[in-house]
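Take a look at the structure below.
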Amino acid sequence: AKMQKYLLYNAVEPEELSTLRELSTIEICKVWSGMSRHIYRQLLQKRAVDIGVGSFAVLPVHASVADGKVLPVERPMFILSKSLKMFYNLESDETKIPDEMPVVQTDFEAIAANIHFRHEIVEQCVQETLLCFAGALRDNKEVEFSFR
């Protein structure tokens with residue numbers, strides 16, 4: 001399974017991040033902004049996107065508004081994969097993607113075509129970034145991953 005590679009017993013070695021080391025910060029940002037647009041387009045079509053460590057989805061939640069009224073709204077969320085949560089012993093709300101919502105894998109070729117990169121580069125860049133993310137979880141470091 002794709003996600004197994006993010007369950008780390010050992011620290012991430014520099015040679016596991018060869019693509020990230022070759023790319024400039026601007027190029028890495030370009031890949032992730034392509035990734036972000038790709039995910040956004042899927043969410044607009046009511047699909048969830050599995051990126052390996054978890055999935056992005058737009059889910060119905062209840063927002064409390066004035067006068068104790070509750071309003072159903074849709075909210076984009078990131079749902080960490082269950083095995084990742086268990087492996088790293090993480091706490092988070094039990095959020096499930098509804099069964100009727102299709103879950104798609106990341107389409108690296110489409111993203112690559114969009115930003116004019118080779119698709120291997122895009123895929124490696126994303127996977128190595130997620131490996132860094134997993135490494136931070138493993139070492140109990142704070143992670144801030146901002147996404148437009």
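Residues L130 and I51 are in side-chain contact: their nearest non-hydrogen atoms beyond the backbone lie under 4.5 Å apart.
The cluster map of Ile, Leu, Val, Met, Phe, Trp and Tyr, joined by side-chain heavy atoms under 4.5 Å apart, puts V61 and V58 in different clusters. No single ILVMFWY cluster, assembled from side-chain heavy atoms under 4.5 Å apart, contains both I97 and V104. Cluster membership for V103 and M101, using ILVMFWY side-chain heavy atoms within less than 4.5 angstrom, is shared. Under the 4.5 Å side-chain heavy-atom criterion for ILVMFWY residues, no single connected hydrophobic cluster contains both L137 and I79. V126 and I121 fall within the same hydrophobic cluster, defined by Ile, Leu, Val, Met, Phe, Trp and Tyr side-chain heavy atoms under 4.5 Å apart, directly or through other members.
The two residues D93 and K85 come nearest to each other via the heavy atoms O-NZ, 3.8 Å. In this structure, R41 and N114 approach most closely via the heavy-atom pair NH2-ND2, 3.2 Å. The two residues E27 and E22 make their nearest non-hydrogen contact at OE1-O, 4.4 Å. Among all heavy-atom pairs drawn from Y6 and L131, the shortest one is CE2-N, 3.7 Å. Shown here for L43 and R47, the closest heavy-atom pair between the two residues is CD2-O, 3.4 Å. Contact detail for L20 and C132: the closest heavy-atom pair is CD1-SG, 4.0 Å.
By the neighbour-count criterion of 12 heavy atoms within 6.0 Å, atom CG of D139 is densely surrounded, having more than that number from other residues, nucleotides or ligands. Remark: R75 CZ is loosely packed, at most 12 non-hydrogen atoms of other residues, nucleotides or ligands lying under 6.0 Å away. The neighbour count for L90 CG, taken as heavy atoms of other residues, nucleotides or ligands under 6.0 Å away, is above 12.
Here the side chain of Q42 pairs no donor or acceptor atom with the backbone of V49 at under 3.5 angstrom. Using modelled atom types, no side-chain atom of H38 and backbone atom of A110 make a donor-acceptor pair closer than 3.5 Å. In this structure, the side chain of S36 does not engage the main chain of W32 through any donor-acceptor pair within 3.5 Å. Looking at R138, its side chain never comes within 3.5 Å of a backbone N or O of Y88 through a donor-acceptor pair.
Checked against the 6.0 Å centroid criterion, the rings of F117 and F108 do not qualify as a close aromatic pair.
Between E74 and K46 there is a salt bridge, since at least one side-chain N of the basic residue sits less than 4.0 Å from a carboxylate O of the acidic one.
Classification of the F78-F56 ring pair by plane angle, with boundaries at 30° and 60°, yields tilted.
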